[in-house]
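Quick notes on the structure that follows.
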There are 2 protein chains.
Amino acid sequence: MEKKVSITDIARKVGVSVALVSYVMNGREKEKRVGKETVKKIRRAAEELNYQPNQIARSLRLGSTKTIGLVVADIANPFFGQFARIVEDEAFKAGYTVVFGSSDEDDIKSAFVLDTLLNRQVDGLIVIPSEGTVKQINGLVRKKKPFVLFDRYFKEVNCNHIILDNYKGTNIATRYLVEKGHRKIALVAYKTSLVHMTERIRGYTEALKEAGIDHTKYLAEIKFSHSYKDFENSFRAFFNKHSDIEALICANNGLSINSLYYIRQNCIRIPGDIDFIGFDGGEPFDLYSTPLSFVRQPIEEMGREVVKLLTDLMNGSTKVSHIMLDPELVIREIRNC
Amino acid sequence: MEKKVSITDIARKVGVSVALVSYVMNGREKEKRVGKETVKKIRRAAEELNYQPNQIARSLRLGSTKTIGLVVADIANPFFGQFARIVEDEAFKAGYTVVFGSSDEDDIKSAFVLDTLLNRQVDGLIVIPSEGTVKQINGLVRKKKPFVLFDRYFKEVNCNHIILDNYKGTNIATRYLVEKGHRKIALVAYKTSLVHMTERIRGYTEALKEAGIDHTKYLAEIKFSHSYKDFENSFRAFFNKHSDIEALICANNGLSINSLYYIRQNCIRIPGDIDFIGFDGGEPFDLYSTPLSFVRQPIEEMGREVVKLLTDLMNGSTKVSHIMLDPELVIREIRNC
DNA sequence: AATATATGCTTAAACGTTTAAATATAAAAA
DNA sequence: TTTTTATATTTAAACGTTTAAGCATATATT
């Protein structure tokens with residue numbers, strides 16, 4: 001790899017000190033009253049040598065890398081991919097680059113990723129925290145590192161977070177199905193202590209309670225796993241036990257997709273055999289045999305808010321915000337062809 | 001943000017020079033013959049102060065950031081998201097972190113992203129080059145920056161690249177449809193000079209030629225756009241003009257998805273009205289009314305190979321590799337429920 | 001006793017920037 | 001003329017590491 005040209009090379013070529021070059025390269029020639037001729041010469045030399053500033057050196061000196069770290073569960077998951085894209089764009093506009101890492105919903109991996117990003121001196125972090133990472137998040141608080149949690153948070157940690165009104169998400173979905181006349185409404189959720197899930201479960205149970213329907217019978221809390229097989233086994237057990245299910249709500253995108261694979265494989269018809277409401281939407285929802293209903297998260301807005309909040313923090317704000325955005329129930333009609 | 005603890009803080013606390021601390025922190029205490037007692041004291045102090053190395057300072061000194069830059073068209077696109085994930089994992093194993101940027105298939109944006117990553121001194125780059133970025137890629141060659149192109153390349157630039165045998169991809173798809181008895185086989189592709197597309201088109205036309213079928217009539221080369229509306233307009237014009245199409249091949253994932261939206265909206269039946277072969281697969285393909293056939297790219301293998309090639313380059317290899325991997329035609333049966 | 005070797009540690013430069021402070025010169029004001 | 005002010009530039013330290021080179025001291029070898 002070619003030796004990169006530095007500010008020193010330009011200084012030598014023009015015959016001035018590095019300070020002047022630095023001033024000019026940063027557009028501070030007026031403020032620092034650099035001679036007009038000198039400015040021109042420096043500009044020309046920079047051009048000729050094809051100078052590119054070394055952001056690493058700059059970062060070290062300034063104590064800021066203009067980089068933000070993004071910890072997602074899995075960048076390959078379209079929901080997180082979409083989120084990452086919005087973060088990227090917003091960060092870019094604000095002059096930041098994003099470094100990312102996938103935690104795989106695993107606390108050990110999460111710790112690794114977090115350490116890596118911190119060692120790389122990211123100025124701030126956006127974290128989708130996995131189960132069992134309270135300590136890690138508390139560590140960020142202790143370090144006074146600017147960061148905001150997204151999608152989930154911990155009740156025991158007072159920090160910035162932006163989440164969906166998860167309760168409302170499943171609540172409106174359940175109510176909708178109840179009003180439609182269903183009584184045997186199942187919810188498939190992950191067995192976890194993470195609030196986004198417990199809230200989604202609560203939204204469901206409360207809606208059922210209110211309607212005077214048993215709210216425990218059709219609740220499937222299954223263990224998280226990366227393997228579809230594991231999901232399938234748990235789900236089959238549940239489904240076989242309750243062959244009278246009239247409607248199914250899925251508590252997140254992954255569960256929705258997995259459920260659809262199962263449903264498809266087992267020749268269960270939507271609608272007909274069961275009604276279905278998923279989470280987050282996406283291409284598979286649109287292109288399924290019939291368009292599928294789902295709980296929509298305002299992901300664009302959330303992404304924008306997250307970055308805005310973080311940049312405020314990085315600019316010195318000390319306000320702690322807990323932002324909760326509203327979901328929207330998107331009901332799709334049966335296709336007539 | 002708390003002042004980070006540095007090697008100097010540890011040195012001061014223990015009462016030794018920073019050099020010793022550095023040696024110990026890098027596990028070179030044997031080689032550099034640091035006293036046993038001192039090692040212990042340094043370790044303890046590092047623990048107590050919760051020392052985390054500053055990778056930025058390290059990078060500046062060593063001239064290597066242990067970072068690789070990834071330029072994709074759009075991280076929100078599942079194909080690229082999946083690829084990014086593989087790259088991330090492989091890079092992580094090799095001790096690298098990945099910084100990414102989306103080029104949006106736009107040369108201006110690509111230049112920005114590339115510059116940003118270069119200024120951040122990435123040790124190497126993985127680039128999915130957009131149209132009109134030959135100059136940028138040539139720039140990398142001139143700088144002797146280790147990089148490898150993925151998915152596409154430029155005939156005029158001799159550099160490392162890993163691509164699919166694109167010709168073969170559409171060729172086997174077309175042959176399959178011909179053998180099935182179709183003669184009016186359409187290909188929807190992007191109008192671009194990028195080889196991955198031109199090769200996919202060539203694979204299609206050659207297969208048709210060989211079968212003695214007119215190979216221009218049913219070829220739709222449409223302009224790339226981020227808007228579905230634009231796609232729809234071009235596609236509709238094409239479809240209306242050729243209402244006798246028997247089968248449709250889509251030249252990449254985005255086109256496949258867009259086509260499916262159109263097909264669905266216009267009540268065209270797969271199979272029945274037309275046969276369909278898409279590109280890259282994914283959840284929408286599996287969950288469509290009937291499972292859809294597609295040309296599969298060995299993306300895992302490609303991702304692994306890309307990172308392997310790049311790490312070799314970063315470790316000083318000067319070999320230029322052009323790797324081409326085989327696609328696989330995945331034919332799906334009609335669902336019987 | 002003189003020399004060589006081993007052990008343990010320090011010094012200081014370097015990486016490429018930024019920037020406060022100092023310096024030098026010219027022009028304006030006293 | 002001397003002093004002040006404005007203009008143009010340099011100096012040098014700092015950011016947190018790594019590492020070659022040097023310096024003591026103790027022990028082993030002649």
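A, B, ... follow the sequence lines: proteins, then strands. Residue 1 opens every chain.
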Does the pair D123(B) and S64(B) meet the rule for a side-chain hydrogen bond (donor to acceptor under 3.5 Å, both in side chains), with working shown?
-> CA-CA 6 Å; D123(B) 290 343; S64(B) 152; 2.9 Å; yes

Could you pull out all residues at least two apart from T116(B) that satisfy side-chain hydrogen bond (donor to acceptor under 3.5 Å, both in side chains)?
->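 In terms of side-chain hydrogen bond (donor to acceptor under 3.5 Å, both in side chains), with neighbours along the sequence ignored, T116(B) is linked to no residue.
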
Length of the NZ-C1' vector between K30(A) and dT7(D), whole Å =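 One finds 14 Å between C1' of dT7(D) and NZ of K30(A), rounded.
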
To the nearest Å, how far apart are Y23(A) OH and dT7(D) C1'?
->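 Distance check: Y23(A) OH to dT7(D) C1' gives 14 Å.
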
5' precedence on DNA chain D between K32(B) and K32(A) (nearest-nucleotide basis) |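 Taking each residue's closest nucleotide, the earlier one in sequence belongs to K32(A).
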
Among the candidates dT9(D), dT19(C), dA20(D), find the nucleotide nearest to the side-chain atoms of L20(A).
->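 Side chain of L20(A) sits closest to dT9(D).
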
Nearest to the side chain of R28(A) - dT19(C), dG8(C), dA21(D)?
->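 From the listed options, dT19(C) comes nearest.
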
Aromatic ring pairing H322(A)/H161(A), orientation class (parallel under 30°, perpendicular over 60°, tilted between) =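 Judged by the thresholds at 30° and 60°, the geometry between H322(A) and H161(A) is parallel.
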
Where does the angle between the aromatic ring planes of F92(A) and F112(B) fall among parallel (under 30°), tilted (30 to 60°) and perpendicular (over 60°)?
->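 Perpendicular.
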
Could you identify which residues of residues 38-46 of chain B place a heavy atom less than 4.0 Å from some atom of DNA chain C, listed by residue number, or say none?
->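 Listed by number, they are T38(B).
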
Would you say the side chains of T67(B) and R120(B) form a donor-acceptor pair under 3.5 Å?
->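 No, because no side-chain N or O of T67(B) sits under 3.5 Å from a partner of the opposite role on R120(B).
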
Polar-atom pairs under 3.5 Å, protein N or O versus N or O of nucleotides 13-17 of chain C: list them with distances, or write none.
| residue | atom | partner | partner atom | Å |
| --- | --- | --- | --- | --- |
| dA14(C) | N3 | R61(B) | NH1 | 3.4 |
| dC15(C) | O2 | R61(B) | N | 3.2 |
| dG16(C) | OP1 | K3(A) | NZ | 3.0 |
| dG16(C) | N2 | A57(A) | O | 3.3 |
| dT17(C) | OP1 | Y51(A) | OH | 3.0 |
| dT17(C) | OP1 | N54(A) | N | 3.3 |
| dT17(C) | OP2 | I7(A) | N | 2.8 |
| dT17(C) | O5' | Y51(A) | OH | 3.4 |

Only one of L118(A), V99(A), L313(A), I137(A) clears side chain to side chain contact (heavy atoms under 4.5 Å, CB included) with L125(A); which?
->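 Between L125(A) and the candidates, side chain to side chain contact (heavy atoms under 4.5 Å, CB included) is satisfied uniquely by L118(A).
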
Inspect the contact between E37(A) and K40(A) and indicate whether a charged nitrogen and a carboxylate oxygen are less than 4.0 angstrom apart.
->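 A salt bridge links K40(A) with E37(A).
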
Nearest-nucleotide wise, let me know which of R33(B) and R33(A) is further upstream toward the 5' end of DNA chain C.
->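 It is R33(B), whose closest nucleotide lies nearer the 5' terminus.
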
Above 12 or not: heavy atoms from other molecules or residues under 6.0 Å from CD of E47(A)?
->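 Counting neighbours around CD of E47(A), 12 or fewer heavy atoms of other residues, nucleotides or ligands fall under 6.0 Å, so no.
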
